[in-house]
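Okay, structure first, notes after.
Numbering of ligands and ligand atoms starts at 1, following listing order. Heavy atoms only: backbone and side chains are in, while hydrogens, waters and symmetry mates are out.
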Amino acid sequence: MKDKKDPLGEDVGFVKGVGPKRANLLARMGILSVEDLLLHIPARYVDRRTLRRIASARPGEEGVFLARVETSGLRYRGSSRDAVAVVSDGTGVMELVWRNAPYMVNNIRQGMSLLFWGKIYVGRARVKTIYHPEYEAFSGPAGVERSLVAGRILPIYPLTEGLQARHLRAAIQNALLKLRDDISDVIPEELRTRRRLMPRREALSQVHFPDDLERAEAARQTLAYEEMLLFFLRFLGKASVEKERGFAFAPPGELSERFRRSLGFTLTRAQERAISDIERDITSGSPMHRLLQGDVGSGKTAVAAYAVVRAVESGGQAAVMSPTEILAEQTYSVFANYLEPLGIRVVLLESSLSKKKREENLALVEKGLADVVVGTHAIITEDVRFRRLVLAIVDEQHRFGVAQRAMLLEKGKASGAFPHFLVMTATPIPRTLALTLYGNLDVSVMDEKPPGRGPVKTKWVRHGQRKEVYRWLFGEALAGRQAYVVAPLIEKSDKLEIAAAEELYEELRAMAPVGVRFGLMHGRVPAEERRRMMEDFRRGNLHILVSTTVIEVGVDVPQATRMVIEHAERFGLAQLHQLRGRINRSQETAYCILLTPSHLSEDAEARMRIMCETDDGFRIAEEDLRLRGPGELMGTRQHGIPEFRIADLMRDIKIIRAAREDALRLLREGDPLSDPRVASALKRRARAEGIWVG
Ligand code: ADP
Ligand code: MG
């Protein structure tokens, strides 16, 4: 798909120095067009002025070195083989070691010059050593000379196997030279000036071959802004600024007043703020699109229940959708507790209901006799007809796809107008990410917990002391306290996970003194039994609930204040935080024990330490993002969340926000998508498969 009028859209194979073979390698990294190549920005730069000398580098420090390979070969370590290179820069020698990677000797050969960087350790015979250094190899001193001197600041690119850095660098340089006169701005002039961004041509050249590191960063920011502006223009689209008609609720009346009085607690300031945000939306006449975001335990359910009461008060129905059956049941019982005393009728719809019960409930919904429907996907995927759906609430949205959300809205439209839409998420995600995840949602953040809630006291204990942990837990149970014990997470196998929970359950029952009563909970416990067990647990008839991660979200049994998580190292941070949120729902101090083997990866240790250090969900979310990268956070990858080439969801918060604001304004004021420069930029991007979803 060549486009004569658009040189940037040309195949990358036409760039001097690329050719078909390298074009194939580049394609593996999603680089198809010349523009893709130019937007393949360096992961970092090596400033030649920052080169360290081996003699003065101390263990524990990190540094960039340039040295000659004196020898390279294999070293045996037990049954495994390491590749080892001894390098020298004239001031001293250092060893570079690639463990279990014998093939590395083919890449690192005697006489080569190596530019490498990493952290220095004390290795064998007290020689300074870097393990698995990142490096760039040059065949001889001349190459080093040219590349470093000419480059001044050397761009270091993400590579793919078989593609050499110097070839990539040369290709980019050639593309820039050839296209100098064809690169024109995508960002409208007025925005570029106001946001103090570089012209595109300058940005592309400075990001690859910067005059200094400040300019490199400014160039990167320009390109990140451009990327996000285009993303939002396309993702939000014209539709997002067109006014849809929604239900305008009458002001709060007697029913919502009674609801407030019936709560038995005073709403926190954060809850009141969220409620007035919602109030503004639902009385405005346009549909609400709001994300209610708050740490676990911040009291989102009460806020959601308020919105439901308002819907009913206005003569409409509300739907509440949960990601799992267990959670739907929980939500159902919590909503029923809040609402039935006020005469509001709540029904549960889920696939495990008996046929008769289901039909009964469906009829109630259709006739408008049920005010609130709680359920799983069943609510939208099946033949449910509402009489007048005015409010849709989705709990833990991150587990739902965009398509399902659209279907839910369709249900509403079929019954009159566009319903108000409230999304609750208990995973506090950095605001930027929320914006990109949820596009056009307004956000209410609840950053406060109900009074008297301290942090969950969290302790990391190694398996050596496992017995003591359980002795303590059983003592607590006998004193009448309640607990969850979470069985190890076994990724991708429900069956094994359930087996692990069963085994743990048997083990603990055998260990425990008489009088400690256990329950076993997992995703395959039949619905009836599950409900009964949760009820028993809620009433205090069971002390310890051994469970798989099915209790991760939404379970609300305030008097359960103890938790043990087996093999905590297998869980991600967000998940651990969600789990322990289950036990921080009353004034009593909550204790969470993270059990792990004694040897952990560095990452896992970092996670355990963060968990013990902080109970702030926002901080944990940021750490999580930092440790895992945005793509893996909450499995967003599976949900069609775009990955960005340049913008960094953590670092570029301000840029992303600005781009979104500007995109909305452009959409409101005109038709930016038909601007030829924007249109061709979007067209080029659409081609870079897998990067733009939606
Ligand atoms: P979230 O859904 O945000 O995790 P919930 O709405 O389930 O939190 O509330 C957690 C617990 O705190 C529940 O037991 C709820 O009854 C209680 N709660 C909610 N708001 C308040 C408040 N303002 N004061 C005291 N307790 C509250
Ligand atoms: Mg909740």
Side-chain angles (χ1 to χ4, degrees), residues 256 259-278 290-309 320-324 326-342 346 372 374 393-399 422-429 434 443-456 482 484 534-535 537-540 551-561 563 574-590 592 615-618 620-621:
S256 32
F259 169 73
R260 276 174 178 277
R261 279 200 308 270
S262 73
L263 276 175
F265 48 71
T266 316
L267 294 169
T268 65
R269 266 167 313 176
Q271 283 170 317
E272 288 290 3
R273 264 199 312 273
I275 282 178
S276 53
D277 288 346
I278 291 170
R290 183 164 294 279
L291 173 68
L292 180 58
Q293 190 195 60
D295 204 351
V296 42
S298 59
K300 293 179 294 297
T301 317
V303 173
Y306 175 86
V308 169
V309 170
V320 184
M321 196 157 69
S322 301
T324 64
I326 291 179
L327 185 49
E329 285 159 18
Q330 276 290 319
T331 307
Y332 168 72
S333 75
V334 174
F335 274 82
N337 275 342
Y338 275 133
L339 303 176
E340 303 228 296
L342 305 175
V346 188
V372 185
V374 179
I393 296 181
V394 176
D395 199 359
E396 313 297 345
Q397 149 101 10
H398 59 267
R399 306 197 173 200
L422 181 68
V423 179
M424 298 194 283
T425 174
T427 311
I429 43 185
V443 183
S444 295
V445 177
M446 305 216 310
D447 51 3
E448 187 185 355
K449 282 187 186 161
R453 307 272 165 89
V456 177
Q482 289 178 269
Y484 301 94
M534 284 317 291
E535 206 39 51
F537 190 56
R538 192 184 305 283
R539 294 225 174 97
I551 57 147
E552 183 186 346
V553 284
V555 172
D556 185 20
V557 180
Q559 66 279 14
T561 55
M563 178 175 281
Q575 211 172 10
L576 289 171
H577 185 63
Q578 281 296 312
L579 281 169
R580 81 177 161 184
R582 298 304 117 220
I583 55 170
N584 197 16
R585 314 182 83 74
S586 74
Q587 306 244 353
E588 198 181 333
T589 306
C592 174
D615 189 47
D616 174 350
F618 283 86
I620 287 175

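Remark: among candidates Gln330, Lys449, Gln271, Gln559, the nearest residue to atom 20 (N) of ligand 1 is Gln271, based on non-hydrogen atoms. Relative to atom 11 (C) of ligand 1, the option among Arg269, Arg453, Arg582 with the closest non-hydrogen atom is Arg453.
Residues passing the salt bridge (Lys or Arg N to Asp or Glu O under 4.0 Å) test with Asp616, sequence neighbours excluded: none.
Contact atoms of ligand 1 toward Thr266: 22 (C), 23 (N), 24 (N) (distance under 4.0 Å to a heavy atom of the residue). Every atom of ligand 1 is numbered from 1 in the order shown, and the set under 4.0 Å from a heavy atom of Tyr338 is 16 (O). In the vicinity of Thr268, heavy-atom distances shorter than 4.0 Å reach the ligand 1 atoms 23 (N). Close approach of ligand 1 to Thr301 (heavy-atom distance below 4.0 Å) involves ligand atoms 2 (O), 5 (P), 6 (O), 7 (O).
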- Task: Take Arg269 and Asp447, measure what salt bridge (charged side-chain N to carboxylate O under 4.0 Å, His left out) needs, and give me the verdict at the end.
- Result: CA-CA 9 Å; Arg269 266 167 313 176; Asp447 51 3; over 6 Å; no
- Are Tyr306 and Tyr338 close enough, and set up right, to give a ring-ring contact (aromatic ring centres under 6.0 Å, His included), and what steps lead you there? CA-CA 9 Å; Tyr306 175 86; Tyr338 275 133; over 10 Å; no
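Arg260 places no side-chain N or O within 3.5 Å of a backbone atom of Ser256 that could act as its donor or acceptor partner. Under a 3.5 Å cut-off, the side chain of Gln293 and the backbone N or O of Met446 do not form any donor-acceptor pair.
The proximity of Leu267 to ligand 1, defined as any non-hydrogen pair under 4.0 Å, is limited to the backbone. Contacts between Val334 and ligand 1, counted as non-hydrogen atom pairs separated by less than 4.0 Å, are absent for every part of the residue.
Residue-ligand proximity: Gly297 is placed with a non-hydrogen atom under 4.0 Å from ligand 1. Not a single heavy atom of Met424 sits under 4.0 Å from any atom of ligand 1.
Side-chain N/O atoms of Asp395 and Ser322 include no donor and acceptor closer than 3.5 Å. Counted by atom type alone, Arg273 and Ser444 present zero donor-acceptor pairs between their side chains at under 3.5 Å.
Below 3.5 Å of separation, one finds an N or O of Gly299 facing an N or O of ligand 1.
The two residues Met424 and Ala304 have their closest heavy-atom pair at SD-CB, 3.6 Å.
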